[in-house]
Amino acid sequence: MTDLVTPGIEIAMIVALAAFGLYLTRYHGEWFVKKASLYLFTTDHKRIGLMYITTGMVFFFIGGIYAILIRTDLGFVQGLGLDPQTTLGITPDVYSTLFTMHGVLMIFMFIMPVLAGFGNYLVPSMIGAKEMALPRINAIAFWMLPPAGVILILSNAYAGWTGYVPLSIEAYGPNPHGVDLWILGLHILSASSMLGAINFLVTIVKHRAPGVHYWNMPLFVWATLINSVLLIFALPSLSIALTMVLSDRNFGTHILAAANGTPLGGALLYQNMFWFFAHPEVYVMVLPAFGIISTVIPKLARKDIFGYGAMAISLGVFAVLSFAVWEHHMFVTGLPPDVQFVFMLSTMAIAVPSAVKTFNWVATLWGGKIWMAVPMWFSVAFITGFVIGGLSGLMLAAIPVDYLYHATYFVVAHFHYILLGGTLMGIFAGIYFYYPIWTKRWYSQRLGHVHFLLTYIGVNLLLFPMFLLGAEGMPRRVYTYLPTLNFQELNFLASVGAMILGVGQLVFAFNMVYSYFAGQKVTTDDPWDEPAPTRMIGGTPAPAPAPLPSSHRTPLPTTAPSIEPTP
């Protein structure tokens, strides 16, 4: 039974996709062929952006399946005192595959593609460009994603999403080429991200319309610009480290491994190269969400963003400091105390731009005529989740605290609060904000609120018990744990939160798909019925604002029309 868990997931995915394909061809064949012909060979930035977002959301649900299996093992099986091997067939090897694939798919196939999709859709319009600078390269970068995702799923890699040496170098009998396929998939994704980053950089620097300058660009464009710089400088480090692992595994080079085993130096070299990429990568996964929130909040608060200049500068400070903190992941590896001290200070310094942005979002809300549409709910949830994740990260920046909590569930909770409590909420805010523009139809507001409540409750019930688990010493990356009462109860609560979160995403999927076909039609260019504030549209002054809707029953969401360059 132990060898059937992960292949079973892949078979279920294939069957589900085949059934969905048959449904489309049987009942919506003509519509499907027409839509496919529009998107398959397109170089239009908006269509490519929507394909990025759609692909990312598909992998969000696939990665969620792995997460549900993990939480079922830790919370429901072991939380009730059962044996995971005899109940679910989850052995240490199977568990390693589950959390490896969950992490890789969520980071590289969900968060990054979805945020790249928002960038593709919004950036040219926000700067007055007709198209991305390199439209064919843009299409190539997208079409590298689906095969890379398939390769990653088929790899069934077992070395963790970090791929630490020596585990990633050792041969594993049941899956001898899993890590090789995993590295191939990541190399393809790295090339795709590099092409996309160069394209964004050239587009923003060279293709702005007259009147759109650096200091009146929307903050989302600033976030995308800085995000692209981060990727260009960080991705080579990952590619080199993975190539070293691939070479050691297949060509006997012993760059990271010695003939008589793996020395400590090889493991530390890999960790340094990986985290030099992976900590800027954390900000790659957050900065575009900052831009989304900085677009939604001013629009729905009916105010300009507070402290535009400080917000833009803080994004740049993030970029600089993100390359100066990677060693805080390695405090327990025997670094000299003076080196640890420097990286502790640089890590704490990142709290400054974080606080600037948080206070400016709150100041934007202060005194505004706030429209509590679904995107605003998710924007406020983003602020709360990011604050919890950021403050817990500030705790881990302190060397004594990190010594205590390193490799425990406290770190898991911190990291996931940034990505689930922060980035995920920002993504949902953006989707609900722009959905009526994309589809020309409204979604169900009631289902949107149900989705928000289930997501917000689920995220916090899932993650907050992990802080307590980490404080009590439960290690991360383990498929079983000591059957103490606190461990079992807290894992059970966390798993209940995971299930609530999962149900919420099913509500979201139904709302999006059903509303695409049957939602109320949008009848205006700007479904928010108000021009965007000045800072959201570049150099053109904003017209006088329209009156607020007089009834809460007035249809809610989207954003201002695109700006086209003047002839």
Ring centroid separation [X] to [Y] under 6.0 Å:
X	Y	answer
H329	H406	no
Y432	F452	no
F428	H451	yes
F464	F467	yes

Between the side chain of [X] and the main-chain N/O of [Y], is any donor-acceptor distance below 3.5 Å?
X	Y	result
N250	L246	yes
S346	A324	yes
T333	M330	yes
T423	M285	yes
T408	Y405	yes
N120	A116	yes
D248	I255	yes
N272	L268	yes
S155	L152	yes

For [X] against [Y], the heavy-atom pair lying closest together:
X	Y	result
P280	A234	CB-CB, 4.1 Å
S495	G75	OG-CA, 3.0 Å
L115	A289	CD2-N, 4.2 Å
S168	G163	OG-O, 2.9 Å
G160	T100	N-OG1, 2.7 Å
L287	A223	O-CB, 3.3 Å

Can you find a pair of side-chain heavy atoms, one from [X] and one from [Y], that are under 4.5 Å apart?
X	Y	answer
S322	L230	yes
W361	F290	yes
K357	L315	yes
E170	R249	no
Y435	V374	no
V150	P147	no
E472	T484	no
V496	F76	yes

Practice item. Hey, could you give me each pair passing side chain to side chain donor-acceptor pair (under 3.5 Å) that has a residue in residues 461-470? Not counting sequence neighbours. Key: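 Every candidate side chain to side chain donor-acceptor pair (under 3.5 Å) pair involving residues 461-470 fails, so no pair, neighbours aside, qualifies.
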Practice item. With side-chain contact (heavy atoms from CB on, under 4.5 Å) as the test, would you mind laying out the steps for I431 and M512 before giving the verdict? Key: CA-CA 10 Å; I431 290 175; M512 297 295 101; 4.0 Å; yes
My understanding is that only residues two or more places apart in sequence, or in another chain, count here; which of them pass ring pair (Phe, Tyr, Trp, His ring centres under 6.0 Å) with [X]?
X	answer
Y403	none
W182	none
F331	none

Exercise for review: Show your reasoning for whether side-chain contact (heavy atoms from CB on, under 4.5 Å) applies to N460 and Y417.
Suggested key: CA-CA 8 Å; N460 286 280; Y417 254 112; 2.9 Å; yes
Exercise for review: Go through the structure and list residues passing salt bridge (Lys or Arg N to Asp or Glu O under 4.0 Å) with R476, not counting sequence neighbours.
Suggested key: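 R476: no salt bridge (Lys or Arg N to Asp or Glu O under 4.0 Å) contacts found.
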Practice item. Output all residues satisfying salt bridge (Lys or Arg N to Asp or Glu O under 4.0 Å) with D83, sequence neighbours left out; order by chain, then residue number. Key: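 Per chain and number, D83 pairs via salt bridge (Lys or Arg N to Asp or Glu O under 4.0 Å) with no residue.
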Check your understanding: Can you list the steps and then say if T243 with H187 is a side-chain contact (heavy atoms from CB on, under 4.5 Å)?
Key -> CA-CA 9 Å; T243 302; H187 272 320; 3.3 Å; yes
More than 12 heavy atoms of other groups within 6.0 Å of [X] [atom1]:
X	atom1	value
H177	NE2	no
F61	CZ	yes
W377	CH2	no

Does [X] have any side-chain contact (heavy atoms from CB on, under 4.5 Å) partners at least two apart in sequence or in another chain, and if so, which?
X	answer
V339	P336, F343
Y164	T162, Y270, Q271, W275
S237	M273, F276, F277
I350	Y283, F318, L321, V325, S354

Point to revise | Contacts of type side-chain hydrogen bond (donor to acceptor under 3.5 Å, both in side chains), residue S247, not counting sequence neighbours | key: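 If we apply the side-chain hydrogen bond (donor to acceptor under 3.5 Å, both in side chains) test to S247, skipping adjacent residues, the hits are T253.
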Quick one: pull up [atom1] in [X] and [atom2] in [Y] and give me the separation to the nearest 0.5 Å.
X	Y	atom1	atom2	value
L189	M194	CG	CE	13.0 Å
L462	T455	CG	OG1	11.5 Å
L231	S192	CG	OG	10.0 Å

Distance-only criterion, 3.5 Å: show the donor-acceptor pairs between side-chain atoms of residues 382-398 and protein atoms not counting sequence neighbours.
residue	atom	partner	partner atom	Å
T384	OG1	A381	O	2.8
T384	OG1	Y456	OH	3.2
S392	OG	I388	O	3.0
S392	OG	G389	O	2.8
S392	OG	H414	ND1	3.2

Review point. Between Y479 and Q85, is a side-chain hydrogen bond (donor to acceptor under 3.5 Å, both in side chains) present by the stated rule, with each step listed?
Key: CA-CA 10 Å; Y479 89 110; Q85 295 198 40; 2.9 Å; yes
Point to revise | Plane angle bin for F487 and Y481 - parallel if under 30°, tilted between 30 and 60°, otherwise perpendicular | key: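 Taking F487 first and then Y481, their aromatic rings stand perpendicular (interplane angle over 60°).
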Review point. Should H416 and L419 be marked as a side-chain contact (heavy atoms from CB on, under 4.5 Å) after you check the CA-CA gap, both sets of side-chain angles, and the distance that decides it?
Key: CA-CA 5 Å; H416 281 77; L419 295 185; 5.7 Å; no
**Study point:** Partner of L105 by side-chain contact (heavy atoms from CB on, under 4.5 Å), out of F110, W161, Y66
**Key:**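 Filter result, single survivor: Y66.
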Review point. Can N491 and Q78 be counted as having a side-chain donor-acceptor contact under 3.5 angstrom?
Key: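 On atom types as modelled, these side chains do not qualify, holding no pair under 3.5 Å.
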